[in-house]
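By convention in this document, chain letters (A, B, ...) are assigned in the order of the sequence lines, proteins followed by strands, and residues within each chain are numbered from 1. Just so we're clear, the structure is a prediction, and the values are computed from it rather than from any experiment.
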There are 2 protein chains.
Amino acid sequence: MARASDGVGRAPSMTDVAAAAGVSHQTVSRVLNGSELVRADTRARVEAAIAELGYRRNNAARLLVTNRSRRIGMIAAHLVLHGPGMIAVSVQDAGHKAGYDVSLVAVEDFSSQSLREAVGRLLDEAVEAIVVAVAHREALEQVRSLDAAVPIVVVQGVSAGQPMAVGIDQEAGARLAVEHLLDLGHRHVAHVTGPLEWVEAGQRRTGWQRAHEQRHVLPGPEFAGDWSPKSGYEAGLRIADEPDVTAVFAANDSMAIGLMSALHAKGRDVPGQISVVGFDNMPEAPYLWPALTTVDQEFSLLGRRAVELTLRALEGDLDPSTQLISPALVIRDSTAAPRLG
Amino acid sequence: MARASDGVGRAPSMTDVAAAAGVSHQTVSRVLNGSELVRADTRARVEAAIAELGYRRNNAARLLVTNRSRRIGMIAAHLVLHGPGMIAVSVQDAGHKAGYDVSLVAVEDFSSQSLREAVGRLLDEAVEAIVVAVAHREALEQVRSLDAAVPIVVVQGVSAGQPMAVGIDQEAGARLAVEHLLDLGHRHVAHVTGPLEWVEAGQRRTGWQRAHEQRHVLPGPEFAGDWSPKSGYEAGLRIADEPDVTAVFAANDSMAIGLMSALHAKGRDVPGQISVVGFDNMPEAPYLWPALTTVDQEFSLLGRRAVELTLRALEGDLDPSTQLISPALVIRDSTAAPRLG
DNA sequence: AGGGTGAGAGAAAGCGTTTTCAGTGAACAA
DNA sequence: TTGTTCACTGAAAACGCTTTCTCTCACCCT
């Protein structure tokens, strides 16, 4: 087989292939696009020529005329965090499997300007749709208000009633976590929140509240966190001083890690004196000390669903409903019944 | 300002802008490309028309004629792991900042076929260069042997003497870790390796060996891991039974976490009885119990350097040297002098 | 034999840019 | 006035493909 580029000239074009195969370039096009209207031997000749020349079709030219890029864009942020990172990877993966390229642009803040830029960059890449994986409420509004002439699908910070959205039911996850603790016999559960500008953080907090309401008990104290292990640690130092607190729901695993570390530092035993639940089920969760009870989100499913939704939108099916995926509680060693007395 | 797409027709073209501004489309082109040869008022008229129509230039058409996509490709794997994930994000980011789009394709295995596919997909996207962020030794060879007609830059699994490569000096990092333990007075250091098909895993292991050699002592026992916290945990169970081991160097933080968990489970104190060092400095490392001593890699710098190298390659400067970035040891609470006796 | 049919292949137009080349004025000097 | 220069703008070709239209030929039916 010949090298991809013999000699110095430019890459071979359809015409070159056609010449080599002794047909016209339209016939080559037909072969490439799997048309039935080509005799088997002609097709074979063309394919041989293609292999021989190492020809690959020029997508720019193709896009120019078809106007279909087979590319979808994704706007994301905070890719270093577990959740956002997983979502990005899974969407990208699902997109590829569906035959689409996916362009990721990471935004660093949610100013109208940087969002506009992100959308602009994506539009310049001729994306057919945009997946927004940004959990800030205003950010989403901003992007929507830009109304680029392509469908927009939301995968993060999703709440019921949103059109073209698929997400993991954060509130349900939080309830699972809190109910588990209440079921164990804890009177109430403290909460370390995520940054409340994040839709998810608000939803997890709501779930925490609702679970208490449902049992007609008052929620435990609330501590403000920002997803970082550090903020969890700081909350932990304060929690260690509240003798009343026997159970804590941290809005993500990273904060739970910091939290447990602070509790250890203060000589409080987990779960002996205080039970801890996280959220995310990061790979390390089962191997912490103690192994962390947490809420597992099926990110790969989310990615697949998001891409399905996008593809349907491209067919013109603008689904107004919101798909919510149920997360699951994974019970490990960091939770136990409260000590009596 | 007008909407991006008024009405139903197709997107406005240069000709439309030209008509609106009362010039020819070539003048519009000049304005877009920042040519000096346009009178200020003409330019203003054109710009007004552009804003008015919500025009954006069609990159496919542009690419077709310029043959410069301003896009670079990246092949990566295991994006869920801390290191690979960070590298991908940082390269992407640095690329964007340099005005390039970067297409990421994740491979799941390193068969010649899937690598060929990955390169093919990238080539179809008309990338001008390919950044390979795959740590398997054969994988790299495979990609190189495909010799796509674009420059290839390597950012992972880099070893000295490799052309067009920039990486973090894994061996140096490992030595830092081990020397720290030896300096504390440990007689030797055990090692939990990464999967040895990974270049990095091999290099960290080599660093561990060399550090011992330099002090003329024999290295401690070696345990095979695979980066996963689980494998660290399993190694930890065995290490707990080896009374001789007072210090362990785990090839990444995840394994260190599992390791410490197993030691706790077995009632061994860290660092009281056994010191532990990790590698990666993941965000949770400072907030583990105990806070983990580990090796910090400056991924963002790596990304920037990789893109610089790529850009230079595109200018024709094929740098045959290998850039190695020095990692740094971060000392925390998981390491201490061995107990005497 | 004549005409209809359908498979297969070619010709030509067009997608929206950039590039190269050629033109148009105005200003200025001779 | 005439030519020369300079700043600016327009015309046309080309990039590599798909799409639509047309043509050819073999085949079958009547």
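- Nucleotide C/dG16 holds its P atom 16 Å from the CZ atom of B/Arg56, rounded to whole Å.
- For C/dT18, the OP1/OP2 oxygens have a side-chain nitrogen or oxygen of B/Ser29 closer than 4.0 Å.
- One can place CG of B/Leu63 at 16 Å from C1' of C/dT19, the figure rounded to the nearest angstrom.
- In this structure, B/Thr15 reaches neither bases nor backbone, as no heavy-atom distance under 4.0 Å exists between it and the strands shown.
- OP1 or OP2 of D/dG10 sits under 4.0 Å from a side-chain N or O of B/Ser24.
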* Give the C-alpha distance, both sets of side-chain angles, the deciding distance and a yes or no for side-chain contact (heavy atoms from CB on, under 4.5 Å) between A/Leu140 and A/Val134. => CA-CA 7 Å; A/Leu140 181 53; A/Val134 167; over 6 Å; no
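- In this structure, B/Arg116 CZ and B/Leu123 CG are separated by 11.5 Å, a value rounded to the nearest 0.5 Å.
- Contact annotation for B/Asn33: backbone-only contact, meaning every heavy-atom pair under 4.0 Å involves sugar-phosphate atoms and none involves a base.
- Listed pair A/Arg68 / D/dT18 fails the phosphate criterion, with no side-chain N or O lying under 4.0 Å from OP1 or OP2.
- Here the C1' atom of nucleotide C/dT18 and the CG atom of A/Leu64 are 12 Å apart, to the nearest Å.
- Closest contact between the side chain of B/Thr42 and the listed nucleotides D/dC8, C/dA12, D/dC15 involves D/dC8.
- In this structure, of C/dA11, D/dG10, C/dC15, it is C/dA11 that holds the atom nearest to the side chain of A/Gln26.
- Remark: A/Ser13 is not in phosphate contact with D/dC15, judged by side-chain N or O atoms under 4.0 Å from OP1 or OP2.
- For the pair A/Arg57 and B/Val23, both in contact range of DNA chain D, the more 5′-proximal nearest nucleotide belongs to B/Val23.
- Rounded to a whole Å, the CG atom of A/Leu32 is 7 Å from the P atom of D/dT18.
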* Starting from the C-alpha separation in whole Å, work towards a yes-or-no answer on salt bridge (charged side-chain N to carboxylate O under 4.0 Å, His left out) for B/Asp101 and B/Arg70. => CA-CA 6 Å; B/Asp101 288 324; B/Arg70 294 198 72 79; over 6 Å; no
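- Side-chain contact between B/Glu197 and B/Arg137 is absent, with no heavy atoms from C-beta onward closer than 4.5 Å.
- When heavy atoms are screened at a 4.0 angstrom cut-off, B/Arg30 is found touching base atoms of the nucleic acid.
- Of all heavy-atom pairs spanning B/Ser103 and A/Arg71, the tightest one is OG-NH1, 4.2 Å.
- Residue-to-nucleotide contacts include a donor-acceptor pair under 3.5 Å from the side chain of A/His25 to the base of D/dT18.
- In this structure, B/His78 and B/Trp198 have tilted ring planes: the angle between them lies in the 30° to 60° band.
- The C1' atoms of five pairs define one axis at each end of the helix from C/dA1-D/dT30 to C/dA30-D/dT1, and these two axes lie 60° apart (to 10°).
- Atom P of nucleotide C/dG14 and atom CG of A/Asn67 are separated by 17 Å, given to the nearest angstrom.
- The separation between A/Arg39 atom CZ and C/dG10 atom C1' is 14 Å, rounded to whole Å.
- Under the 4.0 Å criterion applied to side-chain N and carboxylate O atoms, B/Glu108 and A/Lys97 are assigned as salt-bridge partners.
- Here the nucleotide nearest the side chain of A/Thr27, chosen from C/dA9, C/dG14, C/dT17, is C/dA9.
- Checking side-chain atoms of A/Glu200 against main-chain N and O of A/Gln156 turns up no donor-acceptor pair under 3.5 Å.
- The CE atom of A/Met14 sits 12 Å away from the C1' atom of D/dT19 (whole-angstrom rounding).
- The CG-P distance, from B/Asn59 to C/dG16, rounds to 14 Å in whole Å.
- Look at B/Arg62 and you won't find any side-chain N or O under 4.0 angstrom from OP1 or OP2 of C/dG16.
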